[in-house]
Amino acid sequence: MVLPLKGVMQAPVTPLKDDFSFDGAGFEKMVEFHVRHGAPAIAWPHHKAESLNLTIAERKLGAEIAVKTVAKRVPVSIFLGTLSEEDSVDIARHAEKIGADAVLAISPYVRRPTQEEIFDSVVRLGTATGLPILTYNSPWRNGEGVEFTAELTQRLIERLPNYVGMKDASFHSEKFLEISRVALRMRPGFSIIQGVEHLLSAYPLGACGSFSSSGAIAPNLCNKFYDSLVARDWETARDCQFKISRLWKLFKEQYPSSLKGAMIMMGRPVGPTRSPLPTATKERIDFLKTQLEELGVLQSEPHGW
Amino acid sequence: MSKFQPGLAHAPVTPFKRDNAIDYDTYAKLIEFHLKNGADALALPMPEGEDLSLTDPEQRQLIEFAVKQVKGRVPLIAHVSDAGTAIAVDRAKHAEKVGASALVSHPPYFWHPKPSMVVEHIVAVGSAVKLPFFVCTPPVENVGTHLTADMFMQLVDRLENLRGIVDSEMDFVFMEEIMSNRRLRKADYDLISGADYMVPPAAVGGKGAFSSLAAIAPKLVKQVYDLCAKEDFIEARKGQEQLAELRQLVKHPRLETGLKAALRAMGRDCGNPRPPSKPLGEVEHGKVAEAIAGMAFLKAEPRGW
């Protein structure tokens, strides 16, 4: 079971109304925007979609809208990260029922799980659904977080025939190669997808793409970046990578508030950000505007829906 | 200053006799081996050459010996790092006086200083000489302070002879920032691979490598290095994966311990590491030899001196 996952895949934000309620119509437009601008896959709700601040009912509703709007034009993956593993299982089963193409698991991440706990958790999720399952490798600098070692990856591939890929946010040559050497040998076609767009370093070593942070602002840049990698045009790839890295630096501050603020400025009103995350202030949006102008993004990327 | 580039620098181990004295007869053979097997430069004594276990007079003597042995056939890059700034400065001046071609240094050992103190320390060492100067990212367990891209840019501003950064941290984001800043500032320093993971730094635009695995597999190292230099990154993947496999074998329990065990298996006995690094027992040596014998890609590599 191998999905055609490749390229800079888009993870839409969650549009909210001014009263902070879920904006279903806005979300439909958001998903459509990404597909129309060349997204090779749709992944929702990642952290930038405020996943943990949505209720489980809202997440199911959003998943249904995403699947229906995309209508099989590209694969749709549903993120399973929740506080409680019971909810993750529930969302996984729901995703299968509504016709999503894959699920992405990280559970039970708030608990600083051991390798054994991660293994059990992924197996539980991966057997609760027949969908292809991806995991999210997120080792934090201080050694906490959820780390998928090569050994854990190997055990999961042996155990789960539907384990097809990993979102890798280790951003580290050695860690990447430890996983890729095992995974790509055992399961050719295993998709290693870089978290945000730190893709240039990993692409030659077998990464198939990335989940995007900046695609809601600069989809053209994302697509140009991936095309340049495929064409082995490393000079263009570096231009794009450095620009995307600078964008990420802008957005990771108060993520995803700054991103949402910049989207509003580009004519895509996606509303505020739910507490405890702040909503971008007017000053912040003005600052982003000057930065995006300097990067040439305002001039070269789509405005409006 | 004309631009000094290390190319493919080999980083030799430091051989010891049974009584833990430096084994200069073997060191001479080892240097000749490296020169015969593709070294564009030598960097010594790097952390894998156990600089930390050598006394100050020994480090001076070692560099003097190496200069005489090399006789200008390739540039010799002296590694000078210490806990105390004055001690490092003195040894840096000595290295320049006795004929080293360049200097490399990292943040001070042990004190876990604040970034500003690290910058002052490195500025003191780098400005003590007129030689081309490189900073290297340190083994963090010995130093405790990460060298950040911001700190490096401060060094770029303050050290006229700064020619580059030798990276062993292998962090994609750090490497991108270093090269992105270079473009923004129109600077001309190099990002140099420091840990035998050559593809990622080269993909973002880096140039040059310090290699300790060259002692074991000089042909493979040279092959991956050459492919990276030609920007054939996709073609470099296979060799890079093999280097990663070898690196995983020798990095435990410490790099110098594993390197020396592997060297013995390759017929180039350089003795044991100095205390506190424990030498491997005979059973463990047997396992290393067996693992080496099982790596088909090492068949083409030279055995003996």
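Throughout, protein chains are lettered first and strands after them, A, B, ... in sequence-line order, and every chain is numbered starting at 1.
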Tabulate, in ascending numerical order, the residues of residues 201-215 of chain B having at least one heavy atom closer than 4.5 Å to a heavy atom of chain A, or enter 'none'.
B:Ala202, B:Ala203, B:Val204, B:Gly205
Close side-chain approach of A:His172 and B:Pro200, heavy atoms under 4.5 Å
no
Which bit of B:Glu245 comes within less than 4.5 Å of chain A, counting heavy atoms only: side chain, backbone, both or neither?
both
Does the pair A:Phe171 and B:Phe174 meet the rule for a side chain to side chain contact (heavy atoms under 4.5 Å, CB included), with working shown?
CA-CA 9 Å; A:Phe171 308 132; B:Phe174 176 77; over 6 Å; no
So for atom NZ, which belongs to A:Lys48, do other residues, nucleotides or ligands contribute more than 12 heavy atoms lying within a distance under 6.0 Å?
yes
Distance-only, no hydrogens or angles: does the A:His198 side chain make a donor-acceptor pair with backbone N or O of B:Glu176 under 3.5 Å?
no
Heavy atoms only: give me the nearest A:Leu205-B:Glu241 pair and the separation to one decimal.
O-OE2, 4.3 Å
Listed by residue number, which members of residues 181-194 of chain B have a heavy atom under 4.5 Å from any heavy atom of chain A?
B:Arg183, B:Leu184
Derivation of the side chain to side chain contact (heavy atoms under 4.5 Å, CB included) call for B:Lys251 and A:Glu174
CA-CA 12 Å; B:Lys251 75 181 268 196; A:Glu174 185 176 23; 2.8 Å; yes
State, to 0.1 Å, how close A:Ser173 and B:Tyr197 come at their nearest heavy-atom pair, and which atoms those are.
CB-CB, 3.8 Å
Would you sort out whether A:Tyr203 and B:Ile234 count as a side chain to side chain contact (heavy atoms under 4.5 Å, CB included), showing the intermediate values?
CA-CA 8 Å; A:Tyr203 178 80; B:Ile234 308 281; 3.9 Å; yes
Please report the shortest heavy-atom distance between B:Arg237 and A:Leu184, naming the atom on each side.
NH2-CD1, 3.1 Å
Honestly, the part of B:Met179 sitting under 4.5 Å from a heavy atom of chain A is both
Contact origin within A:Leu200 toward chain B - heavy atom pairs under 4.5 Å:
both
Do any of residues 230-250 of chain A come closer than 4.5 Å to chain B, heavy atom to heavy atom, and if so which ones, in number order?
A:Arg232, A:Trp234, A:Glu235, A:Arg238, A:Asp239, A:Gln241, A:Phe242, A:Ser245, A:Arg246, A:Lys249
For atom NZ of B:Lys114, decide whether the heavy atoms of other residues, nucleotides or ligands shown that lie under 6.0 angstrom number more than 12.
no
Going by salt bridge (Lys or Arg N to Asp or Glu O under 4.0 Å), name the pairs with one or both residues in residues 189-204 of chain A, residues two or more places apart or in two chains.
none
Looking at side-chain heavy atoms only, is the closest gap between B:Met170 and A:Phe176 below 4.5 Å?
no
Around atom CD of B:Glu290, are there more than 12 heavy atoms of other residues, nucleotides or ligands at under 6.0 Å?
no
Does A:Gln115 CD have over 12 foreign heavy atoms under 6.0 Å away?
yes
